[in-house]
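When reading the values below, keep in mind they use all heavy atoms of this one structure, side chains included, and skip hydrogens, waters and symmetry mates. Since the structure is predicted, the reported quantities are computational estimates derived from the model, not experimental observations. Convention: sequence-line order gives letters A, B, ...; per-chain numbering from 1.
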Amino acid sequence: MLTLTHTVGGAECRIHIPESRHDLYGFEEFLAQGDKVLGFDTETTGLDVFTRGFQLRLAQFGNDREAWVLRSDLFGDAIARALQQPRMFVMHNAAYDLLVVDRHLGVTVEELGPHVFDTRILSHLLDPRAESEGGIGHSLKPLSAVYVDPEAPDTQGGLTAVFRSLGLTKATGWAGIDITNETYLRYAGLDTILVSRLFHEIGPLVRDVGLDHLSKFEHHLQLLLAIMQRRGMLLDVPYVETLRESLRVEAEQYRKAAARYGVENVNSTGQVAEALLAMGEELDERTPSGAAKVDKAVLLPLADLDLQWERLDVRAPNPLAEAVVRAKRAEKWATAYADAFLELADDAGRLHPFIGGLQARTARMSISRPPLQQLPSSDWVIRRAFVADPGHTIVAADFQAVEMRVLAALSGDETMKAAITDGLDLHSFTAERVFGPDFTKQHRKIAKAVGFGKVYGGGATTIARQTGADIEAVRRAITAYDDTFPGIKKYSRRLINRAEYGRKEVVTPSGRHLPLDRDRLYAATNYVVQSTARDLLAQAIVDAHDAGLGDGLLLPVHDELIAQAPADSAEEYVRELGRVMGSVFHGVQIASDPEVYGPSWGHGYGAA
DNA sequence: GTGTTAAGCGCC
DNA sequence: AAACGGCGCTTAACAC
């Protein structure tokens, strides 16, 4: 047996690496020592748990000063047995390891999940900010440096350096590094010692600030999300292959068109701007760095493709602008969606996107690899790629205007609450109050934008630019809006005042503390509203499981749940799902809209 | 090669 | 007085 030593937090720690079954006696003794919680971690060949070629390589257990690093190929049974003991484990980003162990050792998420603490969840509850947002972030290294030992090793970064010295890269290293490499084994073991120590440091902090209940909820939610990820979604592979080809043909056609105007690379904003200027177009808008802006909002009017606004000039539609927009769109759809889908699908044609249950600083969930929360919704062709399992139908239920309802509920504004109770269209109601009974569609659009401005903290300038409306008209609308819904302005003011004179944070009804940036206190309203809407969706996922609807859930998308159900009972299923999503929140009805889509996700967006 | 920033675009 | 919130991902351009 190989035993390494390493100093962590001033204490000498031992890392044991058994080489024969005989060495496992020591492991059994270690397990019998009576630690209430053991650190656990895995080392694998990559991130794609569900795709061919993925392997579990190491599984590590550790307490505050001793770690055991077990090779999966030699000791898979011992690892599984250890995980099946009636005790708690602590992992960092447990969703990943839970799925690895489920898929490759047969210890299921259902079995192990309830016995898991996740230091990433605890970290997010203590401070949800990423490193880039001024927080500690949620990686093991910075967390260890702050809470365990400033000198704690950078195991990930350290290994990357080892990869390089061996002629491997970040992409190839995890699979390619020799399984007996000492640094690899050392760092693998250290991670469990760090996670154990981190847990012993921040676990009590979470309890002290009264977040135990929320912590429990998030751990439970994460388990349900891991099950969702394991289930995945079925991809219509032949459809995606055909789609990819046609998107590439389209992209090529418009690239050629752009080339005729001197733009060799449609993705080069510099080239596009230069060519447009040479054609006599005026580019007034600037990017933050001062370059001419040539995004879609600029190009579409030039191409006369914007149906929203009337053209103010008499210039002919610009064919280059159109070619650039269309080429970029087709290429993006082909690459970011079609290619990614095929790349990430497992052998059975299923996709298992990462579901980050507690991702944004508002706790919003995120979905990546691939980004299924961001598929085009104006066109059904991309969503059509996802189909129900045989005999099933895709359904969905979404919250109706949930952020406005949450804002009404939290602010207690009586006028808005009454409008919601009366089942009125909020934006039309607002438009009528602001512009009078003869309000137009444009008025409703401004009213809607002002409402979003309240939620997002946006000002008159932004709303004017977004709606194309006159800035003075927008200013008047905002004033009228504030007069109509005085409670909302008061509520926002209150949140900002508190942050100005007290802690720079908002606290949501669920007890989540959301730090504010000192120069962006106006974001307070958005944070608490967005976060609360997220908590309502999270609760709906838990409730759906409790109601026996969990087996059908496929994806959360901010304010909706995508699901599938046996074709002959899809209607009942989604009606039940919609019922479960409904609630009364601070006296305001949170309603949902259940809908049967059909054989594919795209059928909810016009596919036939 | 790897990493970073800027610009852009998809969603809620 | 004004202030657009939250993500994931791609390409270009550049630094090391």
Length of the line joining A:I478:CD1 and C:dA1:P, which is rounded to integer Å: 14 Å
Nearest-angstrom distance from the residue atom NZ of A:K489 to P of C:dA1: 11 Å
State plainly whether the residues A:D118 and A:R120 are in salt-bridge range, i.e. N to O under 4.0 Å. no
Among all residues two or more places apart in sequence or in another chain, which pass the side-chain contact (heavy atoms from CB on, under 4.5 Å) test with A:T479? A:D483
A:W601 CH2 to B:dG10 C1': how many Å, rounded? 12 Å
Indicate yes or no for a side-chain donor-acceptor contact from A:Q271 to the backbone of A:E264 under 3.5 Å, with no hydrogens or angles considered. yes
Tell me the interatomic distance from A:I496, atom CD1, to C:dA2, atom C1', rounded to whole angstroms. 11 Å
Considering residues, nucleotides and ligands other than A:R518, do more than 12 of their heavy atoms fall under 6.0 Å from its CZ? no
Under 4.0 Å between a Lys/Arg side-chain N and an Asp/Glu carboxylate O for A:K489 and A:D413? no
Going by an N to O cut-off under 4.0 Å, is there a salt bridge joining A:R326 and A:E322? yes
Expected list for residues 353-386 of chain A near DNA chain C, using heavy atoms below 4.0 Å, is A:Q359, A:A360, A:R361, A:R364, A:S366, A:I367, A:S368, A:R369, A:P371, A:Q374
With a 3.5 Å cut-off and heavy atoms only, can you find an N or O donor on one side and an acceptor on the other between the side chain of A:K296 and the base of B:dC9? no
Thinking salt bridges, do A:D339 and A:R248 make one under a 4.0 Å N-O criterion? yes
Heavy atoms within less than 4.0 Å of DNA chain B: which residues of residues 505-530 of chain A have one? Give them sorted by number. none
Checking A:R384 against A:Y239: charged group under 6.0 Å from the ring centre and within 45 degrees of the axis? yes
Is A:G459 touching bases, backbone alone, or none of the nucleic acid, heavy atoms closer than 4.0 Å? sugar-phosphate
Separation of A:Q400 atom CD from B:dC12 atom C1', in whole Å? 16 Å
Interatomic distance where CD belongs to A:E274 and P belongs to B:dA7 [whole Å]: 17 Å
Between B:dC9 (C1') and A:E331 (CD): distance, integer Å: 14 Å
State whether a side-chain donor-acceptor pair under 3.5 Å links A:T430 with A:H427. no
Listed nucleotide nearest any side-chain atom of A:K328, set C:dT10, B:dG8, C:dC7: B:dG8
Mind checking if A:F452 touches a base, just sugar-phosphate, or nothing, with heavy atoms under 4.0 Å? nothing
Has the side chain of A:R364 got a donor or acceptor atom that lies under 3.5 Å from a matching backbone atom of A:R534? no
Can you give me the N/O atom pairs linking the protein to nucleotides 13-16 of chain C at distances under 3.5 Å, or say none if there are none?
{"from": "C:dA13", "atom 1": "OP1", "to": "A:S268", "atom 2": "OG", "distance (Å)": "3.3"}

Mind calculating the distance between CZ (A:R286) and C1' (B:dG8) to the nearest angstrom? 17 Å
Distances under 3.5 Å only, N/O to N/O: pair up the protein atoms with those of nucleotides 1-4 of chain B.
{"from": "B:dG3", "atom 1": "OP1", "to": "A:K170", "atom 2": "NZ", "distance (Å)": "3.2"}

Only counting residues at least two apart or in another chain, list the ones meeting ring-ring contact (aromatic ring centres under 6.0 Å, His included) with A:F163. A:W174
Would you please say whether a donor-acceptor pair under 3.5 Å links the side chains of A:S428 and A:D425? yes
Would you indicate, yes or no, if C:dT10 has its OP1 or OP2 atom less than 4.0 angstrom from a side-chain nitrogen or oxygen of A:T335? no
Salt-bridge present (A:R255, A:E331; N to O < 4.0 Å): yes
Considering only NZ, NE, NH1 and NH2 on the basic side and carboxylate oxygens on the acidic side, decide whether A:R512 and A:D535 come within less than 4.0 Å. yes
